[in-house]
S.K.: 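Below are the structure tokens for one structure; questions will follow.
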Amino acid sequence: MNFSDTLLAKLASACDVVAFTGAGISAESGVPTFRGNDGIWTKFKPEELANLNAFMRNPELVWEWYSARKKVIAEVQPNAGHYALAEMERIFSSFAVITQNIDNLHRRAGSKNVFELHGNIERNYCMRCGRQFTDEQVLNGTAVPTCPCGGVIRPDVVWFGELLPEDEWRGAEKACQRADVLLSIGTSGVVYPAAGLPLEAKRSGAFIVEINPEPTPLTEYADEFLQGKAGEILPRILDHLKTKSQRNSHSQV
Ligand code: BV8
Ligand code: ZN
């Protein structure tokens with residue numbers, strides 16, 4: 001795949017870059033997406049599982065679903081797409097990953113500046129006192145783990161109808177308002193308010209690049225649509241950036 005001169009020029013001159021990611025960037029690590037044909041929502045309905053009423057009605061079922069997902073995520077590794085973004089953080093003067101994913105793969109790949117909009121499946125907390133619990137403490141065979149205070153423990157993820165964590169959301173919005181380039185990677189762009197961020201960046205003047213094997217509702221607003229897999233395209237973009245920075249350092253001597 002060749003990249004347009006416009007894209008390469010935008011990346012060459014960019015100071016602030018944002019990578020906005022969804023489940024698609026983890027697909028090549030073996031984490032199932034939500035809305036693909038093998039997606040999670042084909043087997044379960046989100047309203048039945050990823051929401052507070054479902055949890056209050058049937059905490060055993062929701063915990064069964066999350067412990068199964070925790071096990072899958074504990075066994076997978078970050079892929080070339082995650083690692084490429086982690087390296088880009090060292091190339092641009094300001095680089096932020098804003099992820100809808102709860103799988104912690106960006107941090108495990110080495111990204112430091114990460115905004116987790118929908119929480120993190122490796123964390124759990126008590127709904128009564130807020131005390132945090134690790135997976136080792138909760139995955140101990142009990143169907144619904146409880147806190148010494150008597151409260152019920154839940155995964156630290158954002159369910160439908162729940163507000164996003166304030167600091168993560170505010171930091172993500174600020175990064176999008178400052179961005180020169182926003183890469184929207186592996187997201188179907190249907191879950192709000194997260195899905196509104198690329199347009200917010202565009203309104204503030206960012207050059208929008210979408211990386212996805214399929215078009216999405218964002219595609220018509222993207223300045224560049226790179227059709228393909230994140231694990232293949234992101235390392236190619238990184239190669240261009242590295243050759244450019246080597247050329248710059250040669251020309252400075
Ligand atoms: C809120 C965490 C407000 C839990 C998740 C009607 C209109 C607008 C909004 C709403 C509405 N009705 C309800 C709402 C609000 C709702 C919403 O947006 N619903 C949608 C479905 C219509 N949003 C909310 O409820 C949010 N909260 O709005 O609160 C509020 C206001 C006042 C008072 C109280 C509340 C909370 C939303 C968070 C929900 N939590 N997950 C868990 O994971 O268990 S959502 C879930 O979807 C995940 O977080 C996921 O990240 C997110 C988005 O999905 P994607 O990441 O995009 O994944 P998807 O499978 O869809 O797409 C994958 C893409 O990858 C595809 O395009 C595919 O082509 C591509 N791909 C595949 N392979 C590759 C690839 N790309 C690159 N490379 C590859 N190899
Ligand atoms: Zn408690």
S.K.: Check this for me: does any side-chain nitrogen of one of Lys242 and Glu87 sit under 4.0 Å from a carboxylate oxygen of the other?
M.R.: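 Yes, Lys242 and Glu87 are salt-bridged.
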
S.K.: Side chain of Ser184, backbone of Glu210: donor and acceptor closer than 3.5 Å?
M.R.: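 No, the answer is negative, given that no donor and acceptor are paired below the 3.5 Å cut-off.
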
S.K.: Between Glu122 and Asn104, is there a donor-acceptor pair closer than 3.5 Å when you use the side chain of the first and the backbone of the second?
M.R.: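 Side chain of Glu122 to backbone of Asn104, a donor-acceptor pair under 3.5 Å: no, none is there.
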
S.K.: Any salt bridge between Glu166 and Arg170, counting N to O under 4.0 Å?
M.R.: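 Salt bridge flag = yes for Arg170 with Glu166.
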
S.K.: Is any side-chain N of the basic residue among Arg154 and Glu162 closer than 4.0 Å to the acidic one's carboxylate O?
M.R.: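 Answer for the salt bridge query: yes.
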
S.K.: Check for a donor-acceptor pair, side chain of Asn124 on one end and backbone N or O of Asp156 on the other, with a separation under 3.5 Å.
M.R.: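 Here the side-chain-to-backbone pair does not exist.
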
S.K.: Quick check for you: to the nearest 0.5 Å, what is the distance between Trp169 atom CH2 and Phe115 atom CZ?
M.R.: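 Going from the CH2 atom of Trp169 to the CZ atom of Phe115 covers 12.0 Å.
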
S.K.: From Ile25 CD1 over to Phe20 CZ, what is the distance, rounded to the nearest 0.5 angstrom?
M.R.: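 Going from CD1 on Ile25 over to CZ on Phe20, the span is 12.0 Å.
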
S.K.: Nearest 0.5 Å please: distance from the CH2 atom of Trp65 over to the NZ atom of Lys70.
M.R.: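 Here the interatomic distance stands at 12.0 Å.
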
S.K.: Hey, is Glu116 close enough to Arg123 for a salt bridge, meaning N to O under 4.0 Å?
M.R.: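 Judged by the 4.0 Å cut-off on N to carboxylate O distance, Glu116 and Arg123 do form a salt bridge.
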
S.K.: Counting N and O atoms only, with roles assigned by atom type, does the side chain of Thr99 sit under 3.5 Å from a partner on the main chain of Asn101, one being a donor and the other an acceptor?
M.R.: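 Such a contact is found between Thr99 side chain and Asn101 backbone.
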
S.K.: Does the side chain of Pro165 reach to within under 4.5 Å of the side chain of Val158, using non-hydrogen atoms?
M.R.: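 Pro165 reaches Val158 side chain to side chain.
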
S.K.: For the backbone of Val97 and the side chain of Asn113, can you confirm whether one donor and one acceptor N or O come within less than 3.5 Å of each other?
M.R.: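 Flag not set: sc Asn113 to bb Val97 has no pair under 3.5 Å.
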
S.K.: If only atom types and distance count, is the side chain of Ser93 paired as donor or acceptor with the main-chain N or O of Cys15 below 3.5 Å?
M.R.: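 Confirmed, Ser93 side chain pairs with Cys15 backbone.
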
S.K.: Evaluate side chain to side chain donor-acceptor pair (under 3.5 Å) for Ser4 paired with Glu224, printing each intermediate quantity in order.
M.R.: CA-CA 8 Å; Ser4 72; Glu224 196 92 12; 3.0 Å; yes

S.K.: With Phe95, which of Val181, Asp16, Leu85, Val18 fulfils side-chain contact (heavy atoms from CB on, under 4.5 Å)?
M.R.: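 That would be Leu85.
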
